[in-house]
Trainee: 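Let me begin by handing over the structure; questions about it come next.
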Amino acid sequence: MSELRHLLDTTDLTLDEIDEMIKLSLDIIDNKEKYAHICDGKKLATLFFEPSTRTRLSFEAAMYELGGNVLGFSEAASSSAAKGESVSDTIRMVSCYADIIAMRHPLEGAPRVGSYKSLVPIINAGDGGHAHPTQTLTDLLTIYREKGSFDNLTVGLCGDLKFGRTVHSLIKAMSRYKGVKFVLISPKELSVPEYIIKDVLNPCGAEYKETESMDEVMSELDILYMTRIQRERFYSEDEYLKHKDAFILSADKLETAKSDLTIMHPLPRVNEISTDVDDDSRAKYFVQALNGKYIRMALIITLLKWGGLL
Ligand code: CP
């Protein structure tokens with residue numbers, strides 16, 4: 001039986017459903033021709049009210065590689081939002097024109113509001129500082145391809161843990177696996193929001209520690225997930241300037257790191273990973289961006305199938 005489902009947060013998916021989506025991505029990677037026409041005649045709308053390179057273009061590349069087509073906009077100024085149209089009305093309209101919608105918006109919860117009026121699946125492609133579930137699926141596929149499992153990993157998350165929505169989504173996802181430990185590396189002012197500790201980490205009994213020193217914990221980590229200081233979400237430029245160079249990963253900082261450390265970053269980077277790290281075999285952030293296209297192909301297929309649209 002078909003069911004219209006949206007992806008608004010990572011926890012909308014069960015662990016079994018995530019497993020299935022990862023398996024489907026791996027099959028797509030190995031058998032691209034098998035999927036080249038699966039979405040013939042289908043349309044994806046990409047509604048980006050905030051800037052993006054990877055998420056929007058990887059969604060578009062994903063749909064084209066599945067045989068489908070794409071319509072949409074890449075800034076609010078070129079849509080009727082500029083004339084005052086509500087998110088709800090925009091989604092109601094676009095869901096008459098497209099079979100599936102990926103949407104990014106600066107307001108937390110905007111994709112959820114859109115989903116109430118949508119006739120087709122809505123994918124949250126990032127809402128304010130809240131969540132970025134398709135980045136998390138990208139991260140999970142990357143971790144799975146590198147480590148073969150999610151259990152018993154020590155995951156270091158470094159940088160702007162307050163405003164970084166990718167971090168919030170990844171913690172929510174990884175805390176559902178067995179024996180995962182979190183090392184939260186940030187200036188005190190940019191530590192994870194309290195709800196992440198109270199509503200996510202504590203209820204599942206996940207082990208975590210907070211620190212301001214990357215050097216002290218480097219040798220413990222299986223994954224190092226670097227993040228950008230989110231300039232656009234600071235209330236004052238002075239506050240941003242105070243923190244902008246808080247953590248810079250350079251090749252010399254990796255001296256004590258494990259030989260099989262996986263270095264990740266959702267990108268874009270500013271200066272928090274020096275380019276001298278890029279050639280280190282442990283640096284996986286560009287592969288991670290490529291994985292984003294494959295997992296989004298799997299997600300489009302899955303949501304269309306669940307909705308009886310494929
Ligand atoms: N990782 C990510 O969301 O990148 P973009 O902002 O370029 O989409």
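First listed ligand is number 1; within each ligand, the first listed atom is number 1.
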Trainee: Could you tell me whether D222 and K147 have a side-chain N and a carboxylate O separated by less than 4.0 Å?
Mentor: no

Trainee: Checking contacts here: is it the side chain or the backbone of L267 that comes within 4.0 Å of ligand 1, counting heavy atoms only? Could be both or neither.
Mentor: backbone

Trainee: Before signing off on this row, confirm whether R56 and ligand 1 have an N or O atom pair separated by under 3.5 Å.
Mentor: no

Trainee: Are any of the heavy atoms in E50 under 4.0 Å away from ligand 1?
Mentor: no

Trainee: Aromatic contact between F150 and Y177, with the criterion being ring centroids under 6.0 Å apart: yes or no?
Mentor: yes

Trainee: With sequence neighbours left out, what residues match F73 under ring pair (Phe, Tyr, Trp, His ring centres under 6.0 Å)?
Mentor: F49

Trainee: Looking only at protein heavy atoms, which one is nearest to atom 6 (O) of ligand 1, and what is the separation?
Mentor: R104 NH1, 2.9 Å

Trainee: Give me the nearest non-hydrogen protein atom to atom 4 (O) of ligand 1 as residue plus atom name, then the distance to 0.1 Å.
Mentor: R54 NE, 3.1 Å

Trainee: I'd like to check which ligand 1 atoms, numbered from 1 as shown, lie under 4.0 Å from a non-hydrogen atom of T53.
Mentor: 5 (P), 7 (O), 8 (O)

Trainee: Please determine if P266 has a nitrogen or oxygen closer than 3.5 Å to a nitrogen or oxygen of ligand 1.
Mentor: yes

Trainee: Determine, for K32 against E65, whether the closest basic-nitrogen to carboxylate-oxygen distance falls under 4.0 angstrom.
Mentor: no

Trainee: Is it true that D9 and R165 have a side-chain N and a carboxylate O under 4.0 angstrom from each other?
Mentor: no

Trainee: Which residue is it: V167, T211, V217, I171? I am looking for the one with a side-chain contact (heavy atoms from CB on, under 4.5 Å) to L184.
Mentor: I171

